[in-house]
Amino acid sequence: MIAYRSKAPIFCMAMIALAACGGSEDPETMPTERSEVDMDPKAVELAQRFLLIDTHIDVPYRLNDHPEDIGERTESGDFDFPRAIAGGLDVPFMSIYVPADYQESGGAKDFADEMISMVESIASEHPDKFTMVRSADQAAAMAGTGKIGFAMGIENGAAIEGDLANLKHFFDRGVRYITLTHSENNHICDSSYADERRWNGLSPFGRELVAEMNAIGMLVDISHVSDATAEQVLELTSAPVIASHSSCRHFTPDWERNIGDELIVAVGRNGGVVQINFGSSFLREDAQKQGSAYWAAMGAYVNEHQLDPGSEELAAWNESYWADKTRIYADVSDVADHIDRVVELAGIDHVGIGSDYDGVGDSLPTGLKDVSQYPNLIAELLERGYSEEDIEKICSGNLMRVWREAERIAAGG
Ligand SMILES: [Zn+2]
């Protein structure tokens, strides 16, 4: 039994922050400074001109742990208004993350409602900087406004609590995708992280839920789910799906949290989109193994000593854990490799950006350390020969097509 609110598979934001403190880091793998000054001017121009949508940013849960004003430059975290504007970001999907232990304790729906209210209040406190976005048209209208439009996705369908009326409730509050589960199996489906599977895919209620999501225009997100769940969703759904923050399993063999080649092909056939996660452990096998070993060791230590995530004892353990290790970071080229892979398997119309900023702690790639640095990825894509039209598809065009199609189907079109 894990004694704290957990994040993927036992992730907790406070602990991820701890992870950032530790370590003797080799200059080779040290992250670059957070800076916009050295960016390729052409890439900066494209990031500013194109609508840029990132389908997974964990700001709400970060602020739940450490409240601060993201309307101004913040010292910690990967997202704030000035950096988002510098990076050309227009529409981040704020992740309404519901930790799996609410499934046992109860309160998943209430917690999701709290996080949604937090996002709304940030927007209403800064009407000159942020606004809420509830439709594809509203998202498209954000480009060039100098403001950031918050869309929302619920990360963990546990918040539905077995009642389709709650799906409608969240849709009415502005939520536009639901990640069916998170780190554990829930009442909807099985998780890729679960050692034992409960449903062998979707539950009977999960099947009903997918149909109802299609009917009202709520996007189905297959990140975090087991392969069997994803396959069954793809058989059932009448609308294109998204993987809001998943990378390619090809580069992290046997790690089910990333999406496998066959499923990438199937998402392409479905008309959906794979939004690439920037966490180093999603991008490289060596970083994945290092990260998994770290989380397992930390989880065991926390459970054995019943520690609080913010405790000094855990901080000391963390420091000693990293003292003799070199932390492995991916870089921008790794992210581009994942984009290339989806393009090879499914085509240029089926890939986008779902960074997981503020959700993967100190594991972001060199050159993509925060939301100011998207132009570095665009520069890499230009170098690899992607056309401006291709890059626009990756920045938002593909996701917009999926969103509009879901709206059209819901409208009975
Ligand atoms: Zn996640």
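Every number for a ligand or one of its atoms is a count from 1 in the order of the listing.
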N/O/S of [X] less than 2.8 Å from the Zn ion (ligand 1)?
{"X": "Asp58", "answer": "no"}
{"X": "His245", "answer": "yes"}
{"X": "His224", "answer": "yes"}

Using a strict 4.0 Å threshold on nitrogen-to-oxygen distance, state whether Lys168 and Glu212 make a salt bridge.
no
Out of Tyr61, Phe278, Phe79, which one pairs with Tyr357 under the ring-ring contact (aromatic ring centres under 6.0 Å, His included) rule?
Phe278
I'd like to know if the side chain of Thr252 pairs up with that of Asn258 as donor and acceptor (distance under 3.5 Å, no hydrogens or angles considered).
yes
Using modelled atom types and a 3.5 Å cut-off, is there a donor and acceptor pairing between side-chain atoms of Asp221 and backbone atoms of Tyr177?
no
Which N/O/S atom belongs to Glu155 and is the closest one to the Zn ion (ligand 1)?
OE2
